[in-house]
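Here is the structure we will look at, set down as structure tokens.
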There are 2 protein chains.
Amino acid sequence: MKIRLLLVDDHQVVRSGLRMLLSNESDVEIVGEAGTAHDAMDAVDSLLPDVVLMDIGLPDLSGIDATRAIKSAHPEVAVVALTIHEDEEYFFKMLEAGAGGYVPKRAAPEELLTAIRAAAAGEVYLYPSLAKLLVKDYLIQEHSSEAGKVLDGLTEREQEVLRYLAEGVANDGIAEALVISVKTVARHRENIMQKLRLHSRSELVRYAIRKGIIKP
Amino acid sequence: MKIRLLLVDDHQVVRSGLRMLLSNESDVEIVGEAGTAHDAMDAVDSLLPDVVLMDIGLPDLSGIDATRAIKSAHPEVAVVALTIHEDEEYFFKMLEAGAGGYVPKRAAPEELLTAIRAAAAGEVYLYPSLAKLLVKDYLIQEHSSEAGKVLDGLTEREQEVLRYLAEGVANDGIAEALVISVKTVARHRENIMQKLRLHSRSELVRYAIRKGIIKP
DNA sequence: GCTTGCATGGGGTGTCGCCCCCACGTCAAA
DNA sequence: TTTGACGTGGGGGCGACACCCCATGCAAGC
């Protein structure tokens, strides 16, 4: 079963080049071409290809918007971005639009083929320079949500109370959970708010979320 | 300038196979081999390779721990995971340990070479089936923080009040800001909480952060 | 031995949050 | 035209919260 491919690029020569390049592959069949975003969307509607090779710089709509539209109407159609852009912004936007691959035009032909095959299988191929950006983003997300532990000089008991406060539990609920009096809970809360220079439960909740003590 | 490579795998045959496979490449030079995590760390210390090809299943320490140790001592040495494991857990842990690539053993030889070259250049190669997992994770992070706009049937005025409530402003402060009475603010708050099925300011703050109305 | 910090309590006071009740003007939809 | 949603405003009540005061016991450290 061949992979049915739609080429989208506003330059005729680029499409022809891709056609030359890909027509030698036994598992790929080019079923259509489009030079604008609207043509691409129409072509997807009528041809239902397995994979769309999508340029970003198109004359009418951007390839990002086109991808969003295609994925919205046909979630089963995979879209691989093939573009000269290697900046962070386009890359992340394309991912959010639902792209199943991102390959810069300077990539080797085999990499493009790998991306097409991966996309057809429902997987994702990312070019190494861009995968690096995504991993970086992932690590930032991770580290911003741990990194706590110290908690600005709060005692153990205060940290314990803080976890309950952050979740919005009332004083008497915390007292029950920790088997201490409501007054003591209030006392701890006062100390916590003084140490952290906070002035309401709301600020406390935001503080706890920033510190990763609780999930939003 | 050749890429200086260290092979780490507990099976002699696998190392020999990789040596066969890679020795034909003109830009790769295998400078050493190791069968255990400790041998690998010693070898990195003495040889300072550009790239380490790291198995995960090692007899003494896991390749993940070994990677963490290597990146901690020599951040400039790139580590590419080459393993039979394709589960989410190992993959994410390896990323956190600082791996600059992740390739399952079933991958094609060219993909391994792409990964080695990408890692040597400070980039990241991820095998498509795993890149998919990372993108999925990324999209979850994103969508949990945007996706707002509609706000579950709140009226304009209610949304306005919600923004203040979320920031922890007290009723009279909101009343002053919006030039309405405290009672009206309270009225709006009640309606908001009823519509969103929330029961305290704390829950309201967390809701607002999830919806991206305010930053944590 | 004495201070210091921590956790534990009690009392008081005033504000605020949360939940009912009500009313009126406006504007759009039925 | 009438109905309904929306924004506005008010009254009353109860409990929780925020901010003070105070004291006790216990461990660590000077």
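Throughout, protein chains are lettered first and strands after them, A, B, ... in sequence-line order, and every chain is numbered starting at 1. For clarity, every value in this text was computed on a predicted model and none was experimentally measured.
When rounded to the nearest whole Å, the span between CD of A:Glu158 and P of C:dC6 equals 7 Å. Remark: P of D:dA27 and CZ of A:Arg157 are 16 Å apart, rounded to the nearest angstrom. Nucleotide C:dC6 holds its C1' atom 14 Å from the CD atom of A:Gln159, rounded to whole Å. Taking atom CD1 of A:Ile192 as the reference point, atom C1' of C:dC6 lies 13 Å away to the nearest angstrom.
At least one side-chain heavy atom of A:Glu33 sits less than 4.5 Å from a side-chain heavy atom of A:Arg19.
Scanning both residues, A:Lys105 and A:Leu82, for their nearest heavy atoms gives CE-O, 3.7 Å. The two residues B:Leu133 and B:Phe92 have their closest heavy-atom pair at O-CZ, 3.9 Å. Across all their heavy atoms, A:Leu47 and A:Val31 have their closest contact at CD1-O, 3.6 Å.
For the OP1/OP2 pair of D:dG10 and a distance below 4.0 Å, the side-chain nitrogens and oxygens of B:Thr184 include no atom meeting the criterion.
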For this session: Using a 4.0 Å cut-off on protein heavy atoms (strictly under), produce a 5'-to-3' string for nucleotides 17-24 of chain C with B for base contact, S for backbone-only sugar-phosphate contact, and - for none.
Result: SBBBBB--

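For the atom pair CG of A:Leu126 and CG of A:Leu95, the computed distance is 6.5 Å after rounding to the nearest 0.5 Å. Rounded to the nearest 0.5 angstrom, A:Glu158 CD and A:Glu190 CD are separated by 11.5 Å.
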